[in-house]
Number of protein chains: 2
Amino acid sequence: MRKESSTNNINEKRLRELCGTSYALSIIGGRWKPTIICRLMDGKVRYSDLRDSIIGVSERMLVQQLRELEKDGILIRIVHPQVPPKVEYELTEDGLCMQPMLSKMSEWGNNHKAKYQKEELV
Amino acid sequence: MRKESSTNNINEKRLRELCGTSYALSIIGGRWKPTIICRLMDGKVRYSDLRDSIIGVSERMLVQQLRELEKDGILIRIVHPQVPPKVEYELTEDGLCMQPMLSKMSEWGNNHKAKYQKEELV
DNA sequence: CTCATTTCTTACTTTTTTGTAAGTACCTAA
DNA sequence: TTAGGTACTTACAAAAAAGTAAGAAATGAG
């Protein structure tokens with residue numbers, strides 16, 4: 001839960017407002033979010049498949065991150081009314097069009113990582 | 001200080017290793033980092049100018065974020081040996097070449113923000 | 001009636017990040 | 001000798017994010 005009146009919260013909100021980058025970060029910044037979005041890039045995926053393919057994530061975290069992404073309009077939740085339950089997650093258009101951004105991030109990240117690891121050897 | 005043995009730390013490290021996007025996020029993810037990097041995009045800037053132009057940041061936070069960016073090879077610290085002290089910060093090549101990534105993030109962010117705020121009116 | 005399956009909840013703890021407030025070091029100039 | 005300017009430190013507190021462990025609902029199969 002966020003405390004509305006905290007300096008922390010106020011600062012974050014202001015940065016989000018005046019800087020597109022900070023805004024983007026506030027949406028994809030959660031620990032498991034890039035991974036989740038990646039997994040969904042090729043189409044909808046079932047909850048249990050997400051859970052099983054993302055090693056290290058707990059159900060608590062997975063559900064939380066999914067809910068936040070849903071609230072931010074990045075993905076939708078598709079409930080099939082059956083028992084046992086079946087729920088699928090699918091990127092929205094706004095989620096899909098993160099692709100160029102994510103790929104730039106990945107590109108920069110991988111370059112920097114490679115370079116840094118090389119420098120360590122020197 | 002990070003606790004080496006925590007699940008939190010271990011998860012972050014693993015994601016960083018295997019995903020360029022998570023790696024990039026771990027570097028630009030700090031509250032004031034995108035703003036700092038932005039300010040430096042046009043050339044070196046003095047500490048006090050950074051402090052005065054970034055509203056809301058405390059000296060504690062500013063120094064901390066600068067140190068982390070320095071450690072990650074994004075910027076360098078240029079000390080002029082004089083009194084009163086004069087310190088400038090300048091992006092490295094790795095910092096400068098964040099530009100395309102940052103601009104994609106900013107672009108996506110601004111689009112999404114505009115769209116979302118429009119939808120709220122409906 | 002009991003069990004299995006799937007998708008979550010809930011209450012709680014730990015870890016990490018962010019912020020506050022006050023103080024420090026250095027020399028220079030009045 | 002005292003004040004002033006710059007770039008920080010330090011000790012502490014508050015807030016936020018991440019993780020743990022156990023449980024819950026719904027229903028069809030046996």
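Owing to the predicted nature of the structure, the values given are computational and were not obtained by experimental measurement. Numbered from 1 within each chain, the chains take letters A, B, ... in sequence-line order.
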For chain B, the stretch of DNA chain D it reaches, first to last nucleotide, under 4.0 Å of its heavy atoms: D:dG5 to D:dT20
Relative orientation of the end axes in the helix from C:dC1-D:dG30 to C:dA30-D:dT1, expressed as an angle to the nearest 10° (five pairs per end): 30°
4.5 Å side-chain heavy-atom contact, A:Val45 and A:Ile36: no
Polar side-chain atom of A:Arg77 near backbone of A:Leu66 as donor-acceptor pair, under 3.5 Å: no
A:Lys3 NZ to C:dT17 C1', straight-line distance once rounded to whole Å: 16 Å
Of residues 48-69 of chain B, the positions that come close to DNA chain C - non-hydrogen atoms, cut-off under 4.0 Å: B:Ser58, B:Arg60, B:Met61, B:Gln65
Check: B:Leu91 and B:Ile74 side chains under 4.5 Å, non-hydrogen atoms: yes
Residues in contact with DNA chain C, drawn from residues 6-36 of chain A - heavy-atom cutoff 4.0 Å: A:Thr7, A:Asn8, A:Asn11
Hphob cluster co-occupancy, A:Leu25 + B:Met41, side-chain heavy atoms under 4.5 angstrom: yes
Side chain to side chain donor-acceptor pair (under 3.5 Å) pairs, two or more places apart, involving residues 96-107 of chain B: B:Ser106-B:Asn110
First encountered from the 5' end of DNA chain D, between B:Lys86 and A:Pro85: B:Lys86
N or O in side chain of A:Tyr89 less than 4.0 angstrom from C:dC8 OP1/OP2: yes
Are any protein N/O atoms closer than 3.5 Å to N/O atoms in nucleotides 28-30 of chain C? If there are, list each pair with its distance.
none

